[in-house]
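Data first, discussion second: the structure below is written as structure tokens.
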Amino acid sequence: MKTLFKKTFEGLSLDLKEILKLSEKELEKRLQALDFYQAYDLVLNAPWEDKAKLILNSPYPEGLVKNLPYQELFLTIKASSLDLSVELLSYAKGSQIQFMFDMDCWYKDRIKKERVASWIVLLFHAGEGKVLEWLKVADFDFLIAMFQKFIKVYKKPDDIELIEAMDFLPYFTLDDFYFIEFQNEALEFYFRRMIEILREEMAETYFALLESVIWEIPAEVEERAYRWRNGRLADEGILEYFEALDVYTILHPKSLRKIEPIALPSSEEKEEFSPINIMVYPGEEELLIFKVVEAINDPYQIGRIKKELAWLANKVIIVDNVVIDEIEQVKKSLDKLWGSLNLGIEYLSQGNREVAKSLVEEHFLEDLFRVAQTLLKQLRKFALSVTKSKDFDPSVLRYLDQPYKGYLEGVLVKKINEIRYFRPEKIGTLEEYTFFKKISEVNTARRYIEEIGYIAPVMERMFGSTLSWIKEVNQPGRNYDVNFLTWSGLILTSFFHWKLNGEFIFKAIPKSSWAKVLNELFEEKEDHCELKPEMKETFFKSFENYVKTNWYYEGELLNSFLNFVIEKLSLEFRNIDLKNPPDPKYQTLILIDLNH
């Protein structure tokens with residue numbers, strides 16, 4: 001993890017990493033020496049998953065929580081364990097709690113019942129006093145919409161006696177006038193207690209709320225609650241989902257907006273902490289954007305950058321994570337944010353640090369982000385043009401080798417904002433696909449996709465339709481099934497068959513001829529086996545002649561792919577003993593007929 005604008009904290013003589021390494025006992029001792037403002041500064045700069053530890057070990061837990069920016073407290077709770085979350089929530093003020101509901105209980109423009117229930121339960125664990133504190137400041141339309149999803153309210157008809165009415169009305173009532181039916185038995189306790197608290201402490205709200213639950217049209221009240229919610233979030237610099245979508249709209253480099261001097265903070269304007277700690281980068285890579293930001297010393301520029309980063313981060317987080325379940329989702333969005341900013345300035349500056357610095361100082365960061373996303377959309381458009389080419393059947397692409405398959409799939413994700421860069425060295429790990437961060441990564445992915453577009457028609461012309469490939473693999477006695485079939489397997493099996501029978505066709509090699517064909521193709525060196533030079537030369541020459549006759553010759557693309565195939569062959573057979581060849585039953589590159 002990388003922290004920008006690194007600082008040593010007054011009163012501790014340690015930087016953040018050193019502070020977080022302290023034992024809990026030593027940390028508590030050190031924090032006792034800090035005044036409130038020093039402790040607050042420390043907490044603001046800490047990663048979300050460490051904030052709770054610092055807050056609860058400080059002498060001012062309640063003051064720190066109540067003064068945290070709303071979004072910082074929300075993300076801190078998301079990053080903390082359940083017991084720490086409850087303790088933090090017990091110190092929160094009502095408006096901060098309402099922010100939790102505003103931020104986490106909506107899916108686009110609709111309230112999510114299960115998320116409301118989660119926060120209600122958490123709030124009760126923090127104490128009924130905290131529930132009352134929230135109810136006193138909660139948005140009334142939100143309360144109506146929320147209660148309509150969990151209860152039904154009935155009133156006793158005026159022309160029927162109470163004893164008769166109780167035969168068909170729900171059992172729960174506080175005043176023999178409103179009768180309440182709970183929709184979810186598991187949540188009945190919490191909503192019953194909220195109604196009782198309202199009746200005892202906020203009688204006017206109690207009557208108005210139950211009347212509204214009866215008479216308000218759910219869709220209309222939810223729409224009103226949504227508008228009020230958007231207004232409150234806008235006050236915190238958070239746009240609603242549909243407004244934030246413009247962060248992914250196309251922007252041509254020539255349309256970059258220049259920052260007017262008026263956009264910089266004035267000399268009298270006090271620097272405020274951003275509502276989200278964007279200055280922490282979750283990755284480990286050294287990117288040009290960090291070198292540029294760290295080279296900026298002008299405090300006004302630093303203030304502007306922090307505010308723009310917070311605004312931009314909120315847009316990306318809202319669009320990428322309609323619902324935030326884990327803090328890792330936020331970290332991934334921040335990883336994308338930094339990666340895209342780096343990609344944008346690398347692309348526009350051609351790697352020149354001074355030009356990159358000018359771009360950051362003179363243009364809006366959102367525009368630099370959008371230029372990077374435009375570049376990725378162009379890459380995706382190119383990939384789509386390859387896959388939809390009329391020169392070959394798309395089914396051919398199902399049998400791509402890695403890393404070709406990975407690069408293509410990373411770009412052709414369903415959602416445009418999830419375009420990823422494939423990292424073959426990390427295959428099988430959580431880092432197999434990462435966000436594009438460098439122009440070299442864009443060029444690499446494009447080059448592999450370009451090779452796919454060139455080779456795919458050659459594969460179909462040379463070996464026929466994919467149905468014939470599948471038919472050959474599915475014959476009885478084959479050493480692998482169609483899940484292991486790849487372009488390299490097609491080519492190399494045909495190459496082996498050519499050496500054996502003089503025909504370059506995809507047909508399984510008889511097991512009885514396995515040792516013979518290996519000895520004809522390979523030769524032993526001092527400590528390894530390798531393909532005979534004349535065989536390799538024939539292989540390349542034959543392909544060159546074929547594409548010149550049946551397609552078109554593009555030497556760089558053809559040789560790159562053929563070198564990949566030969567390298568794969570070399571790695572497979574590098575350590576074999578030609579006198580005692582490996583059992584073909586376990587071979588997954590060359591198709592073998594084990595019955596003959």
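Position 1 is the first residue of the sequence, and the numbers go up from there. In what follows, every heavy atom counts, from backbone to side chain, and hydrogens, waters and symmetry copies are set aside.
The side chain to side chain donor-acceptor pair (under 3.5 Å) check on Y154 picks up E181, with sequence neighbours excluded. For the side-chain contact (heavy atoms from CB on, under 4.5 Å) test, residues two or more places apart in sequence or in another chain that qualify with V323 are Y107, R115, D325.
Using a cut-off of 4.0 Å between Lys/Arg side-chain N and Asp/Glu carboxylate O, R423 and E432 are scored as not salt-bridged. In summary, R229 and E222 do not engage in a salt bridge, as defined by a charged side-chain N under 4.0 Å from a carboxylate O. Salt-bridge check for E133 with K130: passed, with a basic side-chain N closer than 4.0 Å to an acidic carboxylate O. Using a cutoff of 4.0 Å between basic side-chain nitrogens and carboxylate oxygens, E196 and R199 are not scored as salt-bridged. Using a 4.0 Å cut-off between a side-chain N of Lys or Arg and a carboxylate O of Asp or Glu, E62 and K66 qualify as a salt bridge. Between E223 and R227 there is a salt bridge, since at least one side-chain N of the basic residue sits less than 4.0 Å from a carboxylate O of the acidic one. A salt bridge is absent between D246 and R370; no separation between the charged side-chain nitrogens and carboxylate oxygens falls under 4.0 Å. Using a 4.0 Å cut-off between charged side-chain N and carboxylate O, K437 and E441 make no salt bridge.
Contact of the N45 side chain with the D41 side chain is registered, since non-hydrogen atoms from C-beta on lie closer than 4.5 Å. Between L64 and S58, the closest side-chain pair of non-hydrogen atoms falls below 4.5 Å.
Checked by atom type and distance alone, the side chain of S118 pairs as donor or acceptor with a backbone atom of E114 at under 3.5 Å.
The number of heavy atoms from other shown groups lying within 6.0 Å of NE2 (H125) does not exceed 12.
A distance of 3.5 Å separates CG in D175 from OH in Y206, rounded to the nearest 0.5 Å.
Note on residues 134-145: pairs passing salt bridge (charged side-chain N to carboxylate O under 4.0 Å, His left out), not counting sequence neighbours, are D139-R232, D141-R224.
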